[in-house]
Amino acid sequence: MHSAGLKRPIGFVPTMGAFHEGHLGLMRLAGSECASVVVSLFVNPTQFGANEDLDRYPRRESEDARMAESAGVDVLFCPSSDEMFPRRSTTVRVQGVTDRWEGPRRPGHFDGVATVVLKLFNIVGPDVSYFGLKDLQQCAVLRRMAEDLDVPVDLRFMETVREDDGLAMSSRNAYLSPSERSLAPELYRTLLAASKALANGESAISVIDIALSTLKSRGFAVDYLSLVDPVTMEEVDKPSPGTRLIVAARLGAVRLLDNVPVGGLFEGEDR
Ligand code: AMP
């Protein structure tokens with residue numbers, strides 16, 4: 001990839017493709033703040049576990065290329081796995097913020113994410129890089145990596161883009177059956193109700209208890225639902241600026257992740 005001819009600042013959006021409005025929102029935000037926009041499309045094998053969906057992850061490169069172009073993207077970088085990972089001798093491992101939530105449930109996932117993002121930064125040489133708060137823990141991991149390793153890229157985080165019924169957009173929503181799809185927005189509705197109750201001063205324990213039983217009664221198998229500090233990803237018992245309510249829950253075979261702000265938005269976040 002040659003960034004030499006691109007005007008600076010260069011905004012960069014790393015993705016795994018199968019674009020939806022969440023990806024396009026990041027590209028447009030990058031375009032509104034930077035002189036050039038680079039997007040990478042790479043279904044990164046190193047962030048998938050052995051029993052995960054690497055083989056069936058949706059791939060639609062030519063449609064993605066058209067969508068990226070219409071969102072004003074200057075370069076769509078689509079490396080092969082061999083180009084990115086001819087060897088796997090070096091890994092970036094971010095500790096602490098990966099101890100909870102997705103970390104233990106997806107061993108090696110965040111190592112794969114941190115390693116590929118650092119490699120992509122080194123290849124593309126962006127000034128600013130854009131990520132979605134939909135993947136809140138991923139944002140915390142990359143923020144920590146950038147700080148710890150003095151990565152000379154500004155990170156920007158954008159609020160989750162949703163379907164009209166509130167479901168957070170995700171390439172994996174395509175796996176939902178029609179009945180699961182109609183149930184799925186309950187996840188967001190439950191988070192919103194819980195967030196409102198917390199903002200009204202109700203205790204986190206009781207609010208989370210009620211949300212858990214609501215989700216269970218609707219047929220979700222909840223992996224976790226918790227109030228967290230978005231920087232440390234540690235559980236907190238009271239909301240403060242930046243605090244978010246996070247959830248991971250399964251509907252049939254599909255695992256849905258979502259989160260909402262509780263104590264107001266955090267510095268650096270964008271609606
Ligand atoms: P992915 O292609 O799933 O790896 O996502 C690429 C980027 O898009 C990541 O920074 C994601 O957090 C972000 N993203 C995915 N879904 C959404 C969404 N619904 N709203 C905002 N950003 C998103």
Side-chain angles (χ1 to χ4, degrees), residues 11-32 37-49 52-54 56-61 63-65 67-68 71 73 76-79 84 101-102 106 109-110 112-121 124 126 128-143 145-146 153-176 181 184-185 187-188 191 230 233 244 246-248 254-261 265 268-271:
F12 176 48
V13 184
T15 80
M16 299 206 301
F19 293 156
H20 50 63
E21 280 298 318
H23 298 110
L24 298 178
L26 287 168
M27 296 174 202
R28 291 192 201 105
L29 180 60
S32 72
V37 178
V38 178
V39 172
S40 63
L41 193 173
F42 178 59
V43 182
N44 170 28
T46 71
Q47 71 186 70
F48 286 77
E52 293 186 0
D53 55 343
L54 174 62
R56 63 186 187 116
Y57 196 82
R59 287 169 169 84
R60 304 196 292 257
E61 270 195 27
E63 198 184 330
D64 285 347
M67 291 168 82
V73 169
L76 182 63
F77 174 51
C78 309
M84 287 299 286
W101 323 121
E102 293 306 290
R106 303 186 68 186
H109 169 69
F110 287 125
V113 169
T115 306
V116 82
V117 169
L118 186 61
K119 277 180 69 80
L120 288 166
F121 282 178
V124 172
V128 191
S129 189
Y130 295 82
F131 299 92
L133 287 166
K134 156 87 173 34
D135 300 294
L136 188 73
Q137 194 170 12
Q138 172 169 285
C139 294
V141 168
L142 296 174
R143 187 192 278 120
M145 173 189 81
V153 178
D154 282 338
L155 305 193
R156 296 268 285 126
F157 304 105
M158 189 190 77
E159 194 50 81
T160 303
V161 178
R162 301 178 180 281
E163 302 285 356
D164 289 344
D165 60 12
L167 176 65
M169 289 194 182
S170 164
S171 307
R172 290 187 168 106
N173 290 348
Y175 302 155
L176 293 165
R181 175 63 189 81
L187 193 64
Y188 177 57
L191 280 185
M233 291 308 290
R244 297 183 78 101
I246 58 169
V247 69
V254 186
R255 199 156 170 273
L256 300 171
L257 295 192
D258 205 346
N259 67 88
V260 296
L265 287 185
E269 292 174 358
D270 221 301
R271 274 230 166 251

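As the structure lists them, so they are numbered: ligands from 1, and atoms in each ligand from 1. Quick caveat, the model's predicted, so the values are computed rather than measured.
Per-residue contacts place Gly22 under 4.0 angstrom from the following atoms of ligand 1 (heavy atoms of the residue considered): 18 (C), 20 (N), 21 (C). Counting the atoms of ligand 1 from 1 in the order shown, those under 4.0 Å from a heavy atom of Thr15 are 2 (O), 6 (C). Close contacts between ligand 1 and Met158 involve ligand atoms 21 (C) [criterion: under 4.0 Å to a heavy atom]. Counting the atoms of ligand 1 from 1 in the order shown, those under 4.0 Å from a heavy atom of Val161 are 18 (C), 19 (N), 20 (N), 21 (C). Residue Met169 approaches ligand 1 through these ligand atoms, each under 4.0 Å from one of its heavy atoms: 16 (N), 17 (C), 18 (C), 19 (N). Short contacts between ligand 1 and Phe131, defined as distances under 4.0 Å to a heavy atom of the residue, involve ligand atoms 10 (O).
Salt bridge status for Glu102 with Arg255: present, with a side-chain N to carboxylate O gap under 4.0 Å. Between Arg244 and Glu159 there is a salt bridge, since a side-chain N of the basic residue sits under 4.0 Å from a carboxylate O of the acidic one.
Within the 4.0 Å heavy-atom criterion, neither part of Arg162 lies near ligand 1. Residue contacts with ligand 1, taken as heavy atom pairs separated by less than 4.0 Å, involve Leu26 solely via side-chain atoms from C-beta onward.
Where the criterion is an N or O separation shorter than 3.5 Å, residue side chain and backbone included, Asp135 meets it with respect to ligand 1. Looking at Ser171 next to ligand 1, no N or O pair under 3.5 Å apart turns up.
The main-chain N or O of Leu256 is never found under 3.5 Å from a side-chain atom of Asn173 such that the two would form a donor-acceptor pair.
Heavy-atom proximity to atom 10 (O) of ligand 1, evaluated over Ala18, Ser170, Gly132, Pro58, is greatest for Gly132. Which of Arg172, Gln138, Lys134 comes nearest to atom 9 (C) of ligand 1 through a heavy atom is settled by distance: it is Gln138.
Residues Met84 and Leu120 meet the side-chain proximity criterion, which asks for heavy atoms closer than 4.5 Å. Considering only heavy atoms from C-beta on, Leu76 stays 4.5 Å or farther from Met67 through its side chain.
The cationic group of Arg143 does not satisfy the cation-pi geometry with Phe131, failing either the under 6.0 Å distance to the six-membered ring centre or the 45° limit from the ring axis.
For the pair Pro14 and ligand 1, a heavy-atom separation below 4.0 Å is found. Ligand 1 lies less than 4.0 angstrom from a heavy atom belonging to His20.
Here the straight-line distance linking atom CD of Gln138 with atom CD of Gln47 works out to 7.0 Å at 0.5 Å rounding. Going from atom CZ of Phe110 over to atom CE of Met145 covers 13.0 Å, rounded to the nearest 0.5 Å. Between the CG atom of Leu41 and the OG1 atom of Thr15 there is a distance of 4.5 Å, given to the nearest 0.5 Å. The distance from the CG atom of Leu155 to the CZ atom of Phe121 is 5.0 Å, given to the nearest 0.5 Å.
In terms of protein heavy-atom proximity, atom 5 (O) of ligand 1 is closest to His23 NE2, 3.5 Å.
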